[in-house]
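Right, one structure below, let's go through it.
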2 protein chains.
Amino acid sequence: MKTVEPASEFPVPRDERRQHTQERILCAARELFSRSGYDRTTIRAVAAAAKVDPALVMHYFGSKEELFGEAIRVDMEDVVVGPEEELADRLLSKLGDKLEAEPDAQLALLRSMLTHPQAAEGVRRALARECGQVVGSAIGGAEGALRAGLVSATTIGVIVGRYLLQLDGLKDADPKEITEILRPCFRALVDHGVEPKKTRAPRSKRRRAG
Amino acid sequence: MKTVEPASEFPVPRDERRQHTQERILCAARELFSRSGYDRTTIRAVAAAAKVDPALVMHYFGSKEELFGEAIRVDMEDVVVGPEEELADRLLSKLGDKLEAEPDAQLALLRSMLTHPQAAEGVRRALARECGQVVGSAIGGAEGALRAGLVSATTIGVIVGRYLLQLDGLKDADPKEITEILRPCFRALVDHGVEPKKTRAPRSKRRRAG
DNA sequence: GTTTTCATTCTACAGACGTTGACAAGCTGA
DNA sequence: TCAGCTTGTCAACGTCTGTAGAATGAAAAC
């Protein structure tokens with residue numbers, strides 16, 4: 001297994017070949033990082049999965065750290081949701097989409113978020129970007145931030161519980177059912193104290209400074 | 001630094017000395033495991049933190065895996081809550097207690113739950129034990145399990161978001177405020193579809209096999 | 001056809017790791 | 001005082017890791 005391949009049919013252009021190899025490496029890296037996390041994933045294992053010499057991984061990506069950075073780079077695609085949806089429903093739609101399509105690349109990020117600082121920072125940023133809108137709609141800035149944090153926490157809890165911890169009632173559940181059950185929760189978190197214009201205010205609790 | 005200590009005053013009994021050393025090691029282990037997770041924590045680092053030779057750690061705990069197992073063993077203390085509290089409030093009280101007292105030992109477990117199978121299993125079990133009661137009070141078994149899973153997910157999300165990810169609005173928030181904001185969520189998750197007609201017992205006596 | 005470039009591999013290093021076994025020194029009981 | 005057990009250390013092993021540099025051979029350029 002020393003030669004690169006007989007190039008049996010016709011010679012593949014060099015650029016194309018290289019791009020394909022890089023893709024294979026990156027793909028293997030994502031797979032392994034998302035299955036085992038940063039620390040337990042070795043360059044050698046990635047190389048083996050991509051059927052390539054370890055040194056080639058270094059040559060293309062510089063270091064394990066950079067390879068990881070490339071593997072967890074997520075496209076930050078904005079999920080298209082109805083613009084007239086309420087905020088809570090918008091957030092739920094996003095969560096629902098993540099539950100529908102198994103988040104390949106994101107799992108690599110999530111799996112390492114508790115042990116790898118860069119991954120943690122990535123998750124914080126992604127969450128802030130998604131759930132940050134909750135802050136603005138709050139009475140006081142502090143409570144708004146707290147509510148945004150709780151929406152973030154719930155979101156991440158559900159995804160972690162489903163895909164990484166594989167909690168019993170969650171791992172095989174229907175995404176639609178999940179979001180439906182969560183809807184009242186998200187509404188309660190987002191449509192807080194100042195209830196928008198609905199019928200009545202169910203909450204008369206006053207906040208006190210801690 | 002070769003001798004064990006001059007035993008300056010009077011000789012400390014052997015048992016006591018050993019127990020104290022073991023405790024020091026275990027304490028250092030918990031600290032490091034909870035800060036860096038299983039993989040990034042080395043026996044050598046634990047030994048150094050405990051001011052002890054690495055070989056002694058092995059001698060007392062057998063292996064890194066066993067040391068970890070000992071470090072994450074949590075006492076499973078049942079939080080004392082008012083027995084007449086509704087289920088949702090009971091679960092919230094437990095969460096609140098975890099937020100009040102920084103969960104030293106539990107963090108070691110949580111930090112590694114995404115990369116260490118044994119830790120994951122520990123978390124699953126702890127969650128099932130705590131939130132499992134939700135299942136029984138459901139209409140159908142499947143939806144009950146899902147709701148229990150979502151309570152678990154929310155719980156773990158909040159703790160992870162606060163202590164490990166350190167999400168902005170969450171890390172410094174007042175525990176009381178957190179639980180108050182979460183109350184409607186937990187109620188919505190637990191007191192589902194069938195609204196429990198006030199003072200009635202929400203628990204059905206029959207259960208079905210999985 | 002010759003030279004250059006480049007994708008890829010081979011070999012190896014230096015450090016860190018978990019773990020082991022031999023050994024020193026103290027406490028304990030006779 | 002002696003032997004025995006226990007606490008603790010030292011030095012080392014074998015392995016695995018990320019990484020570096022030289023070597024190879026095919027494609028591209030001339």
Side-chain angles (χ1 to χ4, degrees), chain A residues 1-26 28-29 32-33 36-71 112 115-116 118, chain B residues 1-26 28-29 32-33 36-71 112 115-116 118:
Chain A
M1 296 262 187
K2 181 172 296 189
T3 54
V4 187
E5 256 189 32
S8 54
E9 297 295 343
F10 48 89
V12 186
R14 226 159 22 188
D15 273 11
E16 194 174 321
R17 168 104 78 181
R18 191 199 59 211
Q19 223 161 352
H20 176 242
T21 303
Q22 283 180 331
E23 198 59 42
R24 236 172 47 226
I25 294 175
L26 206 51
L32 290 185
F33 279 137
S36 318
Y38 180 84
D39 292 306
R40 283 168 131 88
T41 297
T42 71
I43 294 259
R44 285 168 156 89
V46 171
K51 292 194 210 311
V52 144
D53 190 276
L56 194 60
V57 179
M58 300 301 295
H59 184 242
Y60 280 141
F61 295 91
S63 70
K64 183 183 179 182
E65 205 67 46
E66 290 174 86
L67 174 65
F68 184 65
E70 210 61 40
S112 302
T115 45
H116 193 286
Q118 184 183 346
Chain B
M1 293 268 186
K2 180 170 297 189
T3 53
V4 186
E5 259 191 25
S8 54
E9 297 294 344
F10 48 89
V12 186
R14 215 141 56 169
D15 274 9
E16 194 174 323
R17 167 105 81 182
R18 192 198 55 209
Q19 224 161 351
H20 176 242
T21 304
Q22 283 179 332
E23 199 58 42
R24 238 172 45 229
I25 294 175
L26 207 51
L32 290 185
F33 280 136
S36 317
Y38 180 84
D39 291 306
R40 283 168 129 89
T41 298
T42 71
I43 293 260
R44 285 167 154 92
V46 170
K51 293 194 210 311
V52 143
D53 191 275
L56 194 60
V57 179
M58 301 301 296
H59 184 240
Y60 280 141
F61 295 92
S63 71
K64 183 182 179 183
E65 205 67 45
E66 290 175 87
L67 173 64
F68 183 66
E70 210 61 40
S112 302
T115 46
H116 193 287
Q118 184 183 346

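A note on names: the letters A, B, ... follow the listed sequences, proteins ahead of strands, and every chain is numbered from 1.
Against DNA chain D, the stretch residues 43-50 of chain A makes heavy-atom approaches under 4.0 Å through A:I43, A:R44. Listed by residue number, A:L56, A:H59, A:Y60 are the residues of residues 56-67 of chain A with a heavy-atom contact under 4.0 Å to DNA chain C.
In this model, no donor atom of one side chain and acceptor atom of the other lie less than 3.5 Å apart for A:Q118 and A:Y38.
Of the candidates D:dT6, C:dT8, D:dG21, C:dT8 carries the atom nearest the A:T21 side chain, counting heavy atoms from C-beta on.
Between B:H20 atom NE2 and D:dT7 atom P the separation is 15 Å, expressed in whole Å. Here the C1' atom of nucleotide C:dT8 and the CD atom of A:Q19 are 17 Å apart, to the nearest Å. Atom C1' of nucleotide C:dA7 and atom CG of A:D53 are separated by 12 Å, given to the nearest angstrom. In this structure, CD1 of B:I25 is placed 11 Å from C1' of D:dT7, rounded to the nearest angstrom. In this structure, the CZ atom of A:R14 is 4 Å from the C1' atom of C:dC6, given to the nearest Å. One interatomic measurement links the two molecules: CD of B:E16 to P of C:dC27, which rounds to 13 Å at whole-angstrom precision. A:R17 has its CZ atom 7 Å from the P atom of C:dT8, to the nearest Å. One can place CZ of B:F68 at 13 Å from P of C:dG18, the figure rounded to the nearest angstrom.
The salt bridge (Lys or Arg N to Asp or Glu O under 4.0 Å) test applied to B:D39 returns A:R40, not counting sequence neighbours.
The shortest distance between side-chain heavy atoms of B:T21 and B:I25 falls below 4.5 Å. In this structure, B:L67 and B:L26 have side chains that are in contact, with non-hydrogen atoms separated by less than 4.5 Å. Looking at A:S112 and A:F68, their side chains come closer than 4.5 Å, going by heavy atoms from C-beta outward. Residues A:M58 and A:E66 are not in side-chain contact: their nearest non-hydrogen atoms beyond the backbone lie 4.5 Å or more apart. Considering only heavy atoms from C-beta on, A:E65 comes within 4.5 Å of A:H116 through its side chain. For the pair A:R14/A:R18, no side-chain contact is recorded, criterion being any heavy-atom separation below 4.5 Å from C-beta on.
Panel note: side chain A:K64, backbone A:T41; a donor-acceptor pair is recorded below 3.5 Å.
In this structure, A:R18 reaches the sugar-phosphate backbone alone: every heavy-atom distance under 4.0 Å involves primed, P, OP1 or OP2 atoms, never a base.
Listed pair B:T42 / C:dA16 fails the phosphate criterion, with no side-chain N or O lying under 4.0 Å from OP1 or OP2.
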